[in-house]
Amino acid sequence: MEITRIAVVGCGRMGRGIALLAAQHKLQVIAVPGRAGGQQRSRERFLGDRERVEKRAGAEAGAAFDRIEVVEKIEDVTDCAIWIESIVE
């Protein structure tokens, strides 16, 4: 089975890093905020991360962010072979 899509639950610093690393390796990533209502904030943080990556390494490096989709809740995630939990306990 070829893995092409993963879910990352938790969009803090670690979750965003995991999502970016997977996206840089050509995986589609569905990111789910760890808190209800966190979708907009998570998108803003990913955008800030993208800007820093592009400033440091160029637009091509930032293209990996196009493979990351932020959804509102776990029920919005479908067809993911791997789930990674990155929520503070």
Side-chain angles (χ1 to χ4, degrees):
M1 174 172 88
E2 181 181 0
I3 296 171
T4 59
R5 186 172 161 111
I6 70 165
V8 177
V9 181
C11 294
R13 183 173 289 150
M14 186 183 303
R16 292 191 326 271
I18 293 167
L20 177 57
L21 184 63
Q24 288 172 332
H25 285 86
K26 309 294 189 226
L27 295 172
Q28 292 295 320
V29 179
I30 307 302
V32 185
R35 293 189 174 111
Q39 185 179 25
Q40 184 60 36
R41 184 173 181 195
S42 295
R43 283 190 178 132
E44 291 167 0
R45 286 182 172 178
F46 274 116
L47 180 59
D49 292 345
R50 181 181 193 144
E51 290 170 355
R52 281 188 290 282
V53 166
E54 288 179 346
K55 185 175 182 181
R56 188 176 67 239
E60 194 171 306
F65 287 92
D66 293 338
R67 289 185 284 279
I68 301 171
E69 176 187 355
V70 180
V71 299
E72 184 63 34
K73 53 190 185 285
I74 288 177
E75 292 81 13
D76 296 333
V77 179
T78 59
D79 301 326
C80 289
I82 295 176
W83 290 63
I84 300 170
E85 180 269 328
S86 178
I87 298 175
V88 176
E89 295 180 12

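The shown structure was predicted, so the numbers you read here are calculated from the model rather than taken from an experiment.
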Not counting sequence neighbours, which residues clear salt bridge (Lys or Arg N to Asp or Glu O under 4.0 Å) with [X]? List them please.
| X | result |
| --- | --- |
| Asp66 | Arg50 |
| Arg13 | none |
| Lys55 | none |

Between [X] and [Y], which heavy-atom pair has the shortest distance, and what is it?
| X | Y | value |
| --- | --- | --- |
| Val29 | Ala19 | CG2-O, 3.6 Å |
| Gly15 | Val8 | O-CG1, 3.6 Å |
| Phe46 | Phe65 | O-CE2, 3.7 Å |
| Ala64 | Leu20 | CB-CD1, 4.0 Å |
| Ile3 | Ala81 | CG1-CB, 4.0 Å |
| Ala7 | Val77 | CB-CG1, 3.8 Å |

Original post:
Lys26 and Arg67: side-chain contact (heavy atoms from CB on, under 4.5 Å), yes or no, with the steps?
Top reply: CA-CA 8 Å; Lys26 309 294 189 226; Arg67 289 185 284 279; 3.9 Å; yes
**OP:** Would you kindly confirm whether Leu21 and Val53 end up in one hydrophobic cluster when ILVMFWY residues are joined by side chain heavy atoms under 4.5 Å apart?
**Re:** no
Subject >> Connected via hydrophobic side-chain network under 4.5 Å: Met14 and Ile6 >> reply: yes
Subject >> Value rounded to 0.5 Å, distance of CD in Gln28 from CD1 in Ile68 >> reply: 9.5 Å
Original post:
Between the side chain of Glu85 and the main-chain N/O of Ile87, is any donor-acceptor distance below 3.5 Å?
Top reply: yes
Please list, one pair per line, the donor and acceptor atoms closer than 3.5 Å that link side chains of residues 30-40 to other protein atoms, with sequence neighbours excluded.
| residue | atom | partner | partner atom | Å |
| --- | --- | --- | --- | --- |
| Gln39 | NE2 | Val70 | O | 3.1 |
| Gln40 | NE2 | Glu44 | OE2 | 3.3 |

Original post:
Which residues pass the side chain to side chain contact (heavy atoms under 4.5 Å, CB included) test with Arg45, sequence neighbours left out?
Top reply: Arg16, Arg41
Subject >> side chain to side chain contact (heavy atoms under 4.5 Å, CB included) involving Leu47 - partner list, sequence neighbours excluded >> reply: Glu51
